Participant: 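Structure provided below as C-alpha cells; questions to follow.
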Amino acid sequence: MRKQNSAVQTAFLSEAGSELENKDYFAFVELEQYACYVIADGFNELPNTNGAKLAIETVLLEFQEHPSIRKRALRSYLKAANQALCKSDQKEHLKASIMVIVSDYQKIRYAYAGNARFRFYRNGIVKEQSKDTSLSSEIGKRENIPEDRLSKHEERNNLYSYVGQGKGFSPVISHKIKLENGDILALYTRGIWENLDSGELDDVFSEAKKNPQENLDQIEDLLLSRQPKVLENYTFAVIFIDKVFLDPKRKKRIKKIVMVCIILLLLFLAAFLVWYFLCRRYKQLKEDFERSYLNTIEYIQDTNFIRAKEEGSKALEYAEKLRDKELVRQISDYLKLIEAVNLADNDYQEGEYQKAQEDYKTAKERSRYADQIADAYIDQQLSNIADYRSVFDLIQLGDMLMEQEDYKRAEEKYLQAKKMAAGIYFEDGRKDAMTALEKLYSKWEEAENQKEQESIEAEAQKEQEAEEHALIEVSAVKFATEGDQAFQEGDYSSASAYYHMALEKYQELEDEVHSEWIQEKIDASVKKEEEREEKVRQAALFLLAGREQEDAKNYLEAKKQYLFARKLYRELGMEDKVLEIDGLLSLLEEITDTTAETSELSETSEDSETETESEKESDTIPEMTPAEDFDREETSVSENTDANK
C-alpha cells in the first residue's frame, strides 16, 4: 500500500542537442514497495552504441528482481551494469556515467559513478548534492575551486569511476535521506551542467510550482538561450514528492523497537553485573590464594609444618575455585611434602628413629617437586637422627669394651656418648650413658680390687702403658670432640683440621675402627664446607632470579625467590644479606599494594578479556641438578654410616 498512499510526479526531457544521436537515457520503475529512477550519459562515439541504455536496463532488471534500498543492493545493481557493459559484444567498448535513486516512498538513497549529477531540494534550498567521480572534482576539493569553474575544467570528463570500467569499479553510495512533502529530486547529465551553473538551477527550483513540466521547460529555455556553439546531449529529470507515505504501524513498530531495546539494555546490564561480580570474585580468590600460598612458604621455612598444612589446604581450595590446574598441581606438591614431613616428625618424637629416617628420606624426594623448600630442615633432622644413633653406637661400643674389660676406653665411649647426647639435647641417650657409666664403675671397681693382688711392678708397668695409651686416646678424643664442636658451630675447616689430628692419634694407636670413623667425619666436614659454598651460590642465584622476576613485574614469583634467598642467608649467618633482602621485600610489598589498587580501578571499566591474562602467571620451580641431588643423597648415606658406626 505504499505506492497508493503516496504521491510522486516524475517528468524529464532528453534531447540530442547539436549531436546526431542522443546517447543519454533516463528510465524509472515504480513498484508497490520501492521505486527506482536511473539517468545515464553514454561516452561512445560510434553510432548505435548506446552504453547508457544498456546500463539503465540492467539496473532496472536487477532492481525488479531484488528491490531494496540497502547499500549492498545498490552496489549490486551498479556492479551488474558495469559487468554488462564490459561483456557487451559492441564494436566499441561501452562506457557511461550513471546516477541511481531508490526510494521506499519514505526515504531515498542514491548511488552513482561518473559525472551524471543529483540535487535534492527542500523548500527551495539544496539539502544534498552529488560530487563527480572525476579528476576535476578532486582538484576542486584540493584547491578550493568554485563549482562553476569546474564545469569548464579540462579534466571534468577524466573519470576514475564509471560503468564499463571493469576491474577497480567502485561506485559512490549515499546514506539514507528521509523525505518530506514537497521535496524535489533533480537528475541531469553534463549537457546541462556544462552550460548552466548550479545557481541558475537553484533559482528555477526555489520558486517551483506543482507541475514539474513547467520547471523542465524553464530549464530548457535557459539552456537554449545560451546558444552554445556545441550543445551535447542533455537530459534532465525531476521527481516531485507531493506526499510521503505514512506507515500506520509506525507507532507500534517504534514501541516494539523501544521494548526490544529496553529488554536488550536490561540483559546487557544483567550480563555486565554478572561479569563485574565474577571479576571481583576472581580477583578476591586470586588475592586469597596468593596470601595463603606465601604463608605456606613462610611457615615451611619457619619449620611450622602444622600451620603450613592449614594455609596450604586453604590455598588448594582457592586454586580449585580458580580452576587453575597449574596452581592446583603446585600447591598439591607442597601439601604432599608437608604430609611427609609431619609423618616423619611424629616417628621422630616417638623415638622410632629408623622409621623416621626412612620417612625423612621420602620427604626429601617430595621436596624436589616443591622448590626444595624443606631440604635444610630435613637434612637437619636426618643429621640429628644420625647423632642419636651415634650416641647408641657409642654406648654399644662402650659395652663391648667393658665386656673386654677395657674399662678405660669404655668409660671414654660412655662419656663421649653422654657429652654428645647433652649437646643435641637427647635426654634418653644421656640417661642411658649415665646408667652405663654407673655399671662400668661398679664393674671397674671389682676389677681394680682383683688387680690389687698383682705385683706392684706389673701394676706400675701396666698403669704406665695404660696412661700413655689413655693420654694418646684422650688427646684423640679431645681433638675429635673439638672437631665435633667446630662442626656443630659450622666451622667445617677447623673441624677438618681437628679430625686430621685425631686421625693421626688413632692411627698411632692402630685403632682402625676409630680411624675409619674419624675419616668419615673428615669427609663429612669437607662435604659440609662444599655445601656451604653451594648454599652461598644458590642464595645468590635466588636473589638474582628475584630481581629478574621483579623487573618482569612478576611480583609473586619475585617474593618467593627473595624468601628462598633470605632463608639460605639466615642459615649461613649472613645477617647483612638478610637485612638487604628484607628491604627488597618491603619495597616489593609497596609496589604490589600500589599495583593492586591500580588494577582494581582498571578492571572495573574494561571489558572481559578472559582469564588467560590473567592470569597467566606461572611460578618457576627451582630444581637441583642431578649432580647436586646425587651429592645430597651421598651425604645422607655418609651421615647414616657415621650413625651406624
Side-chain angles (χ1 to χ4, degrees), residues 2-17 22 24-32 34-41 52-53 56 59-60 63 69 97-112 115-130 174 177-226 231-246:
R2 286 176 179 265
K3 183 178 179 181
Q4 289 83 351
N5 290 280
S6 60
V8 179
Q9 295 185 69
T10 304
F12 71 96
L13 63 88
S14 181
E15 299 294 339
N22 186 4
D24 287 356
Y25 205 80
F26 172 77
F28 66 94
V29 173
E30 294 179 347
L31 303 178
E32 181 63 30
Y34 297 96
C36 181
Y37 306 87
V38 190
I39 192 171
D41 181 0
K53 181 179 180 181
I56 290 177
V59 168
L60 292 179
F63 168 76
I69 198 174
S97 292
I98 192 168
M99 173 68 68
V100 179
I101 298 177
V102 177
S103 173
D104 61 356
Y105 302 102
Q106 288 182 308
K107 299 177 290 297
I108 66 166
R109 192 193 296 274
Y110 65 92
Y112 63 94
N115 53 15
R117 295 186 178 181
F118 163 75
R119 295 177 81 81
F120 177 81
Y121 295 94
R122 178 171 292 167
N123 298 323
I125 300 173
V126 177
K127 291 294 184 181
E128 185 87 16
Q129 61 181 337
S130 62
S174 74
I177 302 173
K178 189 175 181 180
L179 295 175
E180 294 182 5
N181 293 342
D183 288 345
I184 299 174
L185 312 179
L187 298 88
Y188 51 97
T189 62
R190 58 195 172 103
I192 299 293
W193 56 260
E194 283 182 347
N195 298 288
L196 295 177
D197 60 41
S198 57
E200 292 175 313
L201 295 177
D202 296 342
D203 290 339
V204 172
F205 289 103
S206 64
E207 299 177 356
K209 298 180 181 180
K210 293 185 179 181
N211 186 358
Q213 190 61 46
E214 293 181 3
N215 298 104
L216 292 176
D217 293 341
Q218 292 180 27
I219 292 170
E220 189 172 24
D221 291 342
L222 283 172
L223 178 63
L224 296 177
S225 67
R226 296 297 171 85
L231 179 59
E232 295 187 357
N233 303 156
Y234 61 90
T235 301
F236 201 103
V238 291
I239 305 165
F240 279 34
I241 310 298
D242 296 333
K243 181 178 181 300
V244 177
F245 172 71
L246 298 177

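As the structure is a prediction and not an experimental result, all values here were calculated from the model.
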Participant: For D202, what residues pass the salt bridge (Lys or Arg N to Asp or Glu O under 4.0 Å) criterion, not counting sequence neighbours?
Facilitator: R119
Participant: Is any side-chain heavy atom of I239 closer than 4.5 Å to one of D183?
Facilitator: no
Participant: Quick check: do Y234 and E232 have side-chain heavy atoms less than 4.5 Å from each other?
Facilitator: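 No; the side chains remain at least 4.5 Å from each other.
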Participant: Among residues at least two apart in sequence or on other chains, which ones pass ring pair (Phe, Tyr, Trp, His ring centres under 6.0 Å) with Y110?
Facilitator: F118
Participant: Do F120 and Q129 come close enough that some side-chain heavy atom pair is under 4.5 Å?
Facilitator: no
Participant: Can you name the side-chain contact (heavy atoms from CB on, under 4.5 Å) partners of L31, sequence neighbours left out?
Facilitator: V29, F63, P67
Participant: Can you tell me how far the NZ atom of K3 sits from the OG atom of S103, to the nearest 0.5 Å?
Facilitator: 12.0 Å
Participant: Quick check: closest heavy atoms across G191 and N195, and the distance to 0.1 Å?
Facilitator: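 Nearest heavy atoms, G191 then N195: O-ND2, 2.9 Å.
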Participant: If you compare all heavy atoms of V244 against all heavy atoms of S6, which two are closest, and at what distance to 0.1 Å?
Facilitator: C-CB, 4.4 Å
Participant: Run the side chain to side chain donor-acceptor pair (under 3.5 Å) test against S14 and tell me which residues pass, sequence neighbours left out.
Facilitator: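 Once residues adjacent in sequence are excluded, the partners of S14 under the side chain to side chain donor-acceptor pair (under 3.5 Å) criterion are N22, T235.
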Participant: Would you call L185 and V238 a side-chain contact if the rule is heavy atoms closer than 4.5 Å?
Facilitator: no
Participant: Rounded to the nearest 0.5 Å, what separation is found between the OG atom of S225 and the CG atom of L196?
Facilitator: 7.5 Å
Participant: What pairs with Q213 under side-chain contact (heavy atoms from CB on, under 4.5 Å), at least two apart in sequence or on another chain?
Facilitator: A11, N211, L216, D217
Participant: Sequence neighbours left out, what passes side-chain contact (heavy atoms from CB on, under 4.5 Å) with N5? Give chain and number order.
Facilitator: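 With neighbours one apart ignored, the set is M1, F245.
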Participant: Taking the side chain as C-beta and beyond, is there a heavy-atom pair between L187 and I101 under 4.5 Å?
Facilitator: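 Side-chain contact under 4.5 Å: yes.
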Participant: Over 60° means perpendicular and under 30° means parallel, so classify the ring planes of F12 and F26, tilted if in between.
Facilitator: tilted
Participant: Quick one: ring pair (Phe, Tyr, Trp, His ring centres under 6.0 Å) partners of Y121, sequence neighbours excluded?
Facilitator: F205
Participant: Sort and list the pairs that fulfil salt bridge (charged side-chain N to carboxylate O under 4.0 Å, His left out) and have at least one residue in residues 97-111, not counting sequence neighbours.
Facilitator: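 Qualifying pairs: D104-K107.
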Participant: Partners of D41 by salt bridge (Lys or Arg N to Asp or Glu O under 4.0 Å), sequence neighbours excluded?
Facilitator: R190
Participant: Under a 3.5 Å distance rule, please check whether Q9 uses its side chain to pair with a backbone N or O of K210 as donor and acceptor.
Facilitator: yes
Participant: Does the pair C36 and L60 meet the rule for a side-chain contact (heavy atoms from CB on, under 4.5 Å), with working shown?
Facilitator: CA-CA 7 Å; C36 181; L60 292 179; 3.8 Å; yes
Participant: So I241 and V8, side-chain contact (heavy atoms from CB on, under 4.5 Å) or not? Walk me through it.
Facilitator: CA-CA 5 Å; I241 310 298; V8 179; 4.2 Å; yes
Participant: Is it the case that more than 12 heavy atoms not belonging to K243 sit under 6.0 Å from its NZ atom?
Facilitator: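 Buried by this count: over 12 neighbours within 6.0 Å.
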Participant: In Å, rounded to the nearest 0.5 Å, how long is the span from CD of E207 to CD of Q218?
Facilitator: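 Separation between the atoms: 8.5 Å.
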Participant: Is any side-chain heavy atom of P212 less than 4.5 Å from a side-chain heavy atom of T10?
Facilitator: no
Participant: Kindly check if the number of other-residue, nucleotide or ligand heavy atoms within 6.0 Å of CG (D221) is above 12?
Facilitator: yes
Participant: Between atom CG of L231 and atom CD of E15, what is the distance when rounded to the nearest 0.5 Å?
Facilitator: 9.5 Å
Participant: If you measure from OG on S174 to CD on E128, what distance do you get to the nearest 0.5 Å?
Facilitator: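 CD of E128 is found 6.5 Å from OG of S174.
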Participant: Can any side-chain N or O of N233 pair as donor or acceptor with the backbone N or O of A16 at less than 3.5 Å?
Facilitator: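 Yes: the side chain of N233 pairs with the backbone of A16.
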Participant: Sequence neighbours left out, what passes side chain to side chain donor-acceptor pair (under 3.5 Å) with Y37? Give chain and number order.
Facilitator: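 Checked Y37 against side chain to side chain donor-acceptor pair (under 3.5 Å); matches are E30.
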Participant: The criterion is salt bridge (Lys or Arg N to Asp or Glu O under 4.0 Å); which residues satisfy it with E220, sequence neighbours excluded?
Facilitator: none
Participant: Tell me, do L201 and Y188 make a side-chain contact under 4.5 Å, heavy atoms counted?
Facilitator: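 Yes, at least one pair of side-chain atoms sits under 4.5 Å.
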Participant: Within the 4.5 Å heavy-atom criterion, are V38 and I98 side-chain neighbours or not?
Facilitator: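 They are in side-chain contact.
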Participant: Return the CG to CG distance between D24 and L13, rounded to the nearest 0.5 Å.
Facilitator: 10.5 Å
Participant: Measure across A40 and T189 and return the closest heavy-atom pair with its distance rounded to 0.1 Å.
Facilitator: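 For A40 and T189, the tightest heavy-atom pair comes out as O-CG2, 4.1 Å.
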Participant: Taking all atoms of both residues into account, what is the closest heavy-atom pair of N215 and V204, and its distance?
Facilitator: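 Smallest heavy-atom distance, with atoms named: ND2-O, 3.6 Å.
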Participant: Go through the steps for E180 and R122 under the test side-chain contact (heavy atoms from CB on, under 4.5 Å), then give the verdict.
Facilitator: CA-CA 8 Å; E180 294 182 5; R122 178 171 292 167; 3.6 Å; yes
Participant: Please check this pair: side chain of W193 against backbone of A116, looking for a donor-acceptor N/O pair closer than 3.5 Å.
Facilitator: no
Participant: Under the rule for side chain to side chain donor-acceptor pair (under 3.5 Å), what residues qualify as partners of Q4, not counting sequence neighbours?
Facilitator: E32
